[in-house]
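Have a look at the structure below before the remarks.
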Amino acid sequence: MRSRKRALAAIGACILALVGCGEAPEPISTSTIVLEADGSFTQYRVEDFDSRYYQLSELDGMIRQEVQDYVSGASGAPAVAVEQVDTLEGDQNRVMVALRFADCRVYEDYMTRVDRQPRSLFYGTVGEAVAAGYEMEGALRDVKKGAEVTAQQLQKLGDRHVLIFEDALQIRCPSKVLYTGGNVRLTEAGYVDGTEGEGLKYVVIK
């Protein structure tokens with residue numbers, strides 16, 4: 001059996017209709033995290049898939065076995081679940097893998113232990129992020145005015161929730177985006193595009 005890593009060798013694009021915030025959500029076209037207010041989220045990993053050499057059933061089986069092994073070794077309620085492993089309709093050379101995570105800590109642990117690709121992802125209040133050591137002063141800008149958030153303003157944002165990530169991702173948030181780092185942008189649909197910026201990326205939501 002060929003390895004999962006080779007089977008998921010490159011990233012592509014997929015079209016998937018989602019129930020998101022706002023009216024009619026745009027189809028996903030890049031790797032995306034759809035965040036819920038409670039901190040749980042679905043990761044949509046969009047990748048090229050060479051159907052000449054790999055079987056979708058093989059890929060599906062490998063991913064489901066990885067998740068099952070991870071869940072069986074953890075205590076408490078299942079923290080990771082497979083939502084979908086499928087090719088694009090009409091395109092057998094593109095695949096979308098959707099995994100549901102209970103929270104960011106589970107995601108970081110899963111990526112380290114299963115994918116062996118450590119990833120940093122934080123979701124909590126601004127106050128919790130500062131306490132955890134994230135340097136947020138001077139990192140945020142008002143999405144409407146474009147003005148940099150001052151130290152005094154940052155203190156007043158202590159109870160707002162912030163998502164901090166470093167991967168090239170699009171983020172779909174459960175509520176209105178108020179502030180972002182300078183290395184991300186908002187799309188016309190109101191999604192956070194962090195696919196091009198470098199370093200840690202900050203998103204503060206209402």
Side-chain angles (χ1 to χ4, degrees), residues 1-14 28 30-36 38-49 54 59-85 95-136 139-140 161-174 180-184 191-205:
M1 179 179 289
R2 297 178 177 87
S3 71
R4 172 173 177 263
K5 184 175 291 186
R6 290 187 60 194
L8 297 177
I11 301 298
C14 77
I28 283 180
T30 189
S31 291
T32 299
I33 282 179
V34 178
L35 179 67
E36 303 294 339
D38 64 358
S40 63
F41 61 91
T42 301
Q43 177 203 35
Y44 293 88
R45 191 169 175 178
V46 193
E47 308 191 356
D48 281 345
F49 181 76
Y54 306 107
L59 173 62
D60 183 276
M62 284 188 288
I63 291 174
R64 292 184 185 277
Q65 187 62 56
E66 287 176 348
V67 171
Q68 181 179 334
D69 291 345
Y70 178 84
V71 170
S72 64
S75 58
V80 186
V82 181
E83 291 198 345
Q84 185 177 357
V85 180
V95 67
M96 193 277 298
V97 177
L99 299 181
R100 179 79 175 177
F101 292 90
D103 55 41
C104 293
R105 287 171 294 183
V106 172
Y107 174 80
E108 290 182 331
D109 186 55
Y110 183 89
M111 293 300 292
T112 299
R113 294 173 53 188
V114 179
D115 268 18
R116 307 205 187 289
Q117 299 181 51
R119 291 291 186 268
S120 177
L121 192 67
F122 175 92
Y123 178 73
T125 66
V126 170
E128 290 170 340
V130 172
Y134 288 100
E135 296 288 342
M136 300 183 65
L140 300 175
H161 278 81
V162 59
L163 180 72
I164 304 172
F165 63 105
E166 59 183 346
D167 284 345
L169 294 169
Q170 185 183 93
I171 307 295
R172 300 192 178 189
C173 300
T180 68
N183 52 357
V184 300
Y191 306 138
V192 176
D193 184 354
T195 59
E196 297 181 0
E198 299 292 334
L200 290 177
K201 301 158 190 178
Y202 300 85
V203 182
V204 178
I205 60 177

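For this chain, numbers begin at 1 and follow the sequence in order.
Between the side chain of E108 and the backbone N or O of L121, at least one donor-acceptor pair lies under 3.5 Å. Between the D167 side chain and the L169 main chain, no donor and acceptor come within less than 3.5 Å of each other. Looking at D193, its side chain does come within 3.5 Å of a backbone N or O of T195 through a donor-acceptor pair.
Taking each heavy atom of N183 and L200 in turn, the nearest pair found is ND2-O, 2.9 Å.
At a cut-off of 3.5 Å, with distance as the only test, no side-chain donor of R45 or S31 sits close to an acceptor on the other residue.
Between V106 and D103, some side-chain heavy-atom pair lies under the 4.5 Å cut-off. At a threshold of 4.5 Å between non-hydrogen side-chain atoms, the residues V34 and Y44 count as touching.
Between F41 and Y123, the distance from one ring center to the other does not fall under 6.0 angstrom.
Between Y70 and Y110, the angle of the ring planes goes over 60°, which puts this pair in the perpendicular group of the 30/60° scheme.
For the atom pair Q84 CD and T42 OG1, the distance stands at 10.5 Å (nearest 0.5 Å). Residue K201 holds its NZ atom at 8.5 Å from CD of E166, rounded to the nearest 0.5 Å.
Heavy atoms of other residues, nucleotides or ligands lying less than 6.0 angstrom from CZ of R105 number 12 at most.
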Extract all donor-acceptor atom pairs below 3.5 Å that involve side chains of residues 128-136 and protein atoms in other chains or at least two apart in sequence.
{"residue": "E128", "atom": "OE1", "partner": "T125", "partner atom": "N", "Å": "2.9"}
{"residue": "E128", "atom": "OE1", "partner": "T125", "partner atom": "OG1", "Å": "3.4"}

